[in-house]
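Contents: one structure, followed by commentary.
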Amino acid sequence: MDKTEPSLPFMQPAVYRILDANLDRAREGLRVIEEWCRFGLNHAEFTEQCKHLRQELATWHHSDLRSARNTPDDPGTGLTHANEATRGTIAHVLQANFCRVEEALRVLEEYGKVYRQDLTEAVKHMRYQVYTLESQLITQHRHQKLHQAMLYLITSPSETVFETVEAALKGGLTLVQYRDKDADDLTRLNHARALRRMCHEYGALFIVNDRIDLALAVDADGVHLGQHDFPVELARQMLGSQRIIGRSTHNGDDLYRAIQEGADYVGVGPVYETPTKAGRPAAGLDCVRHALEQCPIPWFAIGGIDANTVHDVLAAGAQRVSVVRAIMQAEQPTLAVQYFMAQLDQKRRSQMGQKFAKQDSITDPWM
């Protein structure tokens with residue numbers, strides 16, 4: 001050892017305090033994540049993984065490390081940051097605590113090298129387990145939000161696109177797709193980056209139309225592909241398992257292929273003729289009825305759906321709808337979103353009531 005370095009006995013109290021603090025930090029972060037897995041997701045496997053990691057860390061939290069704790073003289077106890085004062089969404093809470101756990105494990109791995117080599121090896125293994133858990137949890141969180149989404153806004157080019165989207169998000173919108181076929185790449189990159197940030201601030205999913213490269217560049221939640229875009233299998237290889245992939249479908253064959261290819265959701269339509277898909281004939285309400293019977297994944301009726309047509313679309317069996325002009329050109333996008341959400345929620349409640357009534361008629365011996 002270099003003679004200019006402090007001796008191990010001199011370093012020991014500091015190293016012990018570092019290990020003690022980071023064992024606490026890692027276990028605390030894991031507990032925060034575990035609570036969401038347990039009560040938010042009702043996911044037994046994720047909950048058990050978090051609990052196992054906490055308990056394994058506890059076996060390393062020996063009394064010699066705890067006894068080195070010196071909170072009154074710790075200059076870091078009063079340190080804070082403005083970003084820690086609030087968390088905009090559950091996703092922000094989870095992200096912050098995964099970062100806390102991963103940083104703490106890295107510290108334990110490095111300082112463990114001058115304490116016990118077996119601690120270093122154990123923590124290194126745990127760190128990769130946490131990375132995997134984070135990836136799985138992000139995927140689960142995204143897909144949960146996708147399944148919960150009833151209304152899907154697809155943007156159109158507009159000088160007020162940011163104001164309109166934010167107004168829609170204030171109305172409760174949770175799923176946005178950025179679509180602009182004509183802008184140059186730099187404009188699309190800047191718009192997509194800003195919209196992604198805005199959507200995540202409101203806890204909404206952000207999807208990019210067509211462009212896998214753009215989705216990756218701005219860290220979007222996923223991509224929506226047309227019938228003549230990349231195959232879903234290839235898109236999945238490029239995007240990984242975490243991100244959502246949607247596919248447009250216009251008939252039964254398209255729908256069947258999209259399901260077989262592994263799309264996470266599909267658009268079904270156009271139900272009515274729309275300038276968004278100029279020249280494509282309307283598929284009519286029959287496509288909605290077909291999807292109701294044949295589609296096991298989330299699907300959104302799309303094409304010419306507005307305040308005047310949404311009732312017929314819902315009556316045909318749709319539970320989710322995509323809209324463009326009905327929100328992008330609305331005088332009050334917030335109210336437009338709230339109107340659609342109210343209609344969709346009423347439809348869902350009605351279906352749940354019918355389902356429970358049917359179950360009661362089967363199980364109630366007095367019926």
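Along the sequence shown, residues carry numbers from 1. Just so we're clear, the structure is a prediction, and the values are computed from it rather than from any experiment.
- Thr47 and Glu34 share no side-chain donor-acceptor pair at under 3.5 Å.
- Note on Asp219 versus Arg243: salt bridge recorded, some NZ/NE/NH1/NH2 to OD/OE distance being below 4.0 Å.
- In this structure, the side chains of Gln319 and Met150 stay at 4.5 Å or more apart for every pair of heavy atoms.
- The pair Arg247-Asp264 does not meet the salt-bridge criterion, since no charged nitrogen lies less than 4.0 angstrom from a carboxylate oxygen.
- Between the side chain of Thr334 and the main chain of Ala167, a donor-acceptor pair closer than 3.5 Å is present.
- Side-chain N/O atoms of Tyr202 and Glu166 include a donor and acceptor closer than 3.5 Å.
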>> Determine whether Arg142 and Asp221 satisfy the following criterion, salt bridge (Lys or Arg N to Asp or Glu O under 4.0 Å), listing intermediate values before the conclusion.
In response: CA-CA 7 Å; Arg142 281 174 171 159; Asp221 294 297; 2.8 Å; yes
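- Checking Asp306 against Thr309 by side-chain atom types alone, a donor-acceptor pair falls below 3.5 Å.
- No continuous path of hydrophobic side-chain contacts links Ile207 to Ile138 [ILVMFWY only; heavy atoms under 4.5 Å].
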>> Leu41 vs Gln140, test: side-chain contact (heavy atoms from CB on, under 4.5 Å). Steps then yes/no.
In response: CA-CA 8 Å; Leu41 298 178; Gln140 179 78 13; 3.9 Å; yes
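- Other residues, nucleotides and ligands place more than 12 heavy atoms under 6.0 Å from the CZ atom of Phe162.
- Atom CD of Gln260 has more than 12 heavy atoms from other residues, nucleotides or ligands within 6.0 Å.
- A donor-acceptor pair under 3.5 Å links the side-chain atoms of His143 to the main chain of Thr139, judged by distance alone.
- Checking side-chain atoms of Arg320 against main-chain N and O of His147 turns up a donor-acceptor pair under 3.5 Å.
- In this structure, a donor-acceptor pair under 3.5 Å is absent between the side chains of Asn190 and Thr187.
- Looking at Arg69 and Asp20, a side-chain N of the basic residue comes within less than 4.0 Å of a carboxylate O on the acidic one, giving a salt bridge.
- Applying the 6.0 Å contact sphere to CD of Gln95 captures no more than 12 heavy atoms from other residues, nucleotides or ligands.
- A salt bridge is absent between Glu102 and Arg127: the closest approach of a Lys/Arg side-chain nitrogen to an acidic carboxylate oxygen does not fall below 4.0 angstrom.
- A salt bridge does not link Glu293 with Arg289: every distance from a Lys NZ or Arg NE/NH1/NH2 to an Asp or Glu carboxylate oxygen is 4.0 Å or more.
- By the 4.5 Å heavy-atom criterion applied to side chains, Tyr111 and Val107 are counted as neighbours.
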>> Quick one, His61 with Arg27, criterion side-chain hydrogen bond (donor to acceptor under 3.5 Å, both in side chains). Give me CA distance, side-chain angles, the key distance, then yes/no.
In response: CA-CA 10 Å; His61 213 164; Arg27 293 170 65 191; 3.2 Å; yes
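- The same ILVMFWY cluster, assembled from side-chain heavy atoms under 4.5 Å apart, contains both Leu23 and Val114.
- Under a hydrophobic-cluster definition in which Ile, Leu, Val, Met, Phe, Trp and Tyr are linked whenever side-chain heavy atoms come within less than 4.5 Å, directly or via other members, Phe46 and Leu146 are assigned to different clusters.
- Note on Glu103 versus Arg100: no salt bridge recorded, every NZ/NE/NH1/NH2 to OD/OE distance being 4.0 Å or above.
- Between Glu109 and Arg106, at least one side-chain nitrogen of the basic residue sits less than 4.0 Å from a carboxylate oxygen of the acidic one, meeting the salt-bridge criterion.
- Annotation: His224 is in aromatic contact with Tyr265 [ring centroid separation under 6.0 Å].
- Salt bridge Arg348/Asp345: absent, no basic N to carboxylate O contact under 4.0 Å.
- Remark: Gln332 CD is loosely packed, at most 12 non-hydrogen atoms of other residues, nucleotides or ligands lying under 6.0 Å away.
- Atom NZ of Lys145 has more than 12 heavy atoms from other residues, nucleotides or ligands within 6.0 Å.
- Criterion: ILVMFWY side-chain heavy atoms under 4.5 Å apart, direct or through other members. Under it, Leu153 and Leu214 are part of a common hydrophobic cluster.
- Counting non-hydrogen atoms of neighbouring residues, nucleotides and ligands closer than 6.0 angstrom, the NZ atom of Lys113 exceeds 12 such neighbours.
- Residue-environment remark: NE2 (His125) stays at or below the threshold of 12 foreign heavy atoms within 6.0 Å.
- Around OH of Tyr115, the count of heavy atoms belonging to other residues, nucleotides or ligands within 6.0 Å exceeds 12.
- In this structure, Arg179 contributes its side chain and Thr155 its backbone to no donor-acceptor pair below 3.5 Å.
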